[in-house]
There are 2 protein chains.
Amino acid sequence: MPHDGPVDAVDARILLELAEHPRATTLAVADRVGISRNTAQSRLARLERNGALESFEHRIAPAALGYPLTAFITAQVTQRLLDEVAAALADVPEVLQVQGISGPVDLMIQVVAGDADDLYRIAGRILAIPGVERTNTALVMRQLVDYRITPLLRRALR
Amino acid sequence: MPHDGPVDAVDARILLELAEHPRATTLAVADRVGISRNTAQSRLARLERNGALESFEHRIAPAALGYPLTAFITAQVTQRLLDEVAAALADVPEVLQVQGISGPVDLMIQVVAGDADDLYRIAGRILAIPGVERTNTALVMRQLVDYRITPLLRRALR
DNA sequence: CCGATAATGAGCAATCTGCTCAATCACGGA
DNA sequence: TCCGTGATTGAGCAGATTGCTCATTATCGG
């Protein structure tokens with residue numbers, strides 16, 4: 001059972017409104033939620049201060065940049081060299097995100113590539129990083145559920 | 001070698017500007033890139049039409065909602081039931097994203113949870129979905145490289 | 001019952017947006 | 001070389017939004 005976060009029901013409604021209508025102005029959100037503009041403004045400011053809302057970010061589709069392929073590369077690394085490996089991974093432009101995970105595999109690396117050869121090259125480059133012992137590449141074939149946060153927000157309203 | 005996407009160098013500079021300064025106005029972007037406001041406006045409109053730029057979205061931190069834990073759950077499913085499984089996963093609020101991947105495991109499921117017990121419960125719920133044969137949960141311990149797109153944009157400038 | 005905090009309504013200057021229009025520029029085909 | 005299409009530019013304008021301040025009112029806990 002998730003403990004209450006620092007957001008209350010009103011905050012959740014604000015966030016839900018923003019999640020569903022990203023271009024909505026502060027005024028529109030205030031109207032929709034049923035609070036005054038000033039309240040909406042101060043709450044939004046607080047949410048940003050808290051880090052709950054990362055102002056707005058512009059999500060850019062890698063496919064539009066010429067990288068239609070996405071893959072998860074898991075890697076086993078020499079634990080002692082974890083930070084060095086992370087730094088080396090950060091130098092690979094096609095690496096979008098790296099997470100340290102529990103279990104037999106140490107790293108979850110999200111990469112994009114222009115085509116299969118490109119992906120093979122990138123996987124090779126990662127494997128060549130000192131400290132990387134083994135890698136395993138899983139190509140993303142299909143988005144079955146697109147990234148979303150609204151179900152969590154809806155639940156916070158109850 | 002990635003083939004050229006539908007974005008040219010100017011588009012890339014616009015996107016880079018937006019990625020680095022998400023709150024920048026159209027005017028500010030135009031100035032920074034060195035193009036007129038009209039050009040910036042029409043290019044931005046085109047990028048949105050193309051789907052390269054998803055207008056703006058508000059990224060909300062699950063941790064602020066009371067879900068500090070993130071995990072990757074991989075699952076093997078009965079291939080024939082893939083769509084049904086996906087639909088069932090979409091009904092789980094804590095499931096943020098589901099991708100069909102190549103390899104011995106069929107699904108990559110990103111979930112968030114309030115605590116370890118919560119995660120255990122969610123994993124159980126997923127395993128109980130008809131068609132899900134096996135699951136494996138990997139807890140995200142640390143963000144080593146935060147999601148980013150700027151390196152790809154910088155490369156597109158050359 | 002009182003006090004601190006939050007919410008509200010009002011107002012204001014500055015800015016941004018969406019849109020239109022006409023002129024100029026760049027580039028490839030005839 | 002000339003022409004035409006599409007992109008770019010500068011200008012302008014009405015309307016909306018933003019960030020901010022102020023005073024007043026509500027709300028909730030001690």
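Note: hydrogens, waters and symmetry copies are ignored here, and every other heavy atom, side chains too, is used. Here is the naming used below: chain letters follow the sequence lines, and residue numbers restart at 1 for every chain. Because the structure is a prediction, the values reported are computed rather than measured.
As a whole-Å value, the separation of B/D11 CG from D/dT8 P is 8 Å. As rounded to whole Å, 9 Å separates atom C1' of D/dT21 from atom CG of A/N38. Per the geometry, CD belonging to B/E48 stands 12 Å off P belonging to C/dT17, to the nearest Å. The interatomic distance linking B/I14 (CD1) with D/dA7 (P) rounds to 14 Å, in whole Å. Rounding to whole angstrom units, CG of residue B/L44 and P of C/dC19 are separated by 14 Å. Distance CZ (A/R43) to P (C/dA6): 9 Å, rounded to an integer number of Å.
Which of C/dC12, C/dG18, C/dA7 sits closest to the side chain of B/R37 comes down to C/dG18. Checked against C/dA10, C/dG18, D/dT9, the side chain of B/I35 finds its nearest nucleotide in D/dT9.
Of the possible polar contacts, none joining the A/D118 side chain to the A/A113 backbone as a donor-acceptor pair under 3.5 Å is found. In terms of modelled atom types and a separation under 3.5 Å, the side chain of B/H58 and the main chain of A/L18 share no donor-acceptor contact.
Sequence neighbours left out, the pairs with a member in residues 126-145 of chain B that pass salt bridge (charged side-chain N to carboxylate O under 4.0 Å, His left out) are A/D83-B/R142.
Contact check on B/D8 versus B/R13 returns no salt bridge, with no Lys/Arg side-chain nitrogen under 4.0 Å from an Asp/Glu carboxylate oxygen. A salt bridge between A/E20 and A/R32 is absent, with no side-chain N of the basic residue lying under 4.0 Å from a carboxylate O of the acidic one. Salt-bridge annotation for B/R46 and B/E48: absent, with no side-chain N of the basic residue lying under 4.0 Å from a carboxylate O of the acidic one.
Of the residues in residues 25-33 of chain A, those lying under 4.0 Å from DNA chain D by heavy-atom distance are A/T25, A/T26, A/L27.
Both the sub-6.0 Å distance and the 45° axial angle are satisfied by B/R59 relative to the ring of A/Y147.
Taking only side-chain nitrogens and oxygens, A/Q41 comes nearer than 4.0 Å to OP1 or OP2 of D/dG19. Put simply, B/S36 has a side-chain N or O that comes within less than 4.0 Å of OP1 or OP2 on D/dT9.
Take the nearest nucleotide of DNA chain C for A/G34 and for A/R23: the residue whose nucleotide is more 5' is A/G34.
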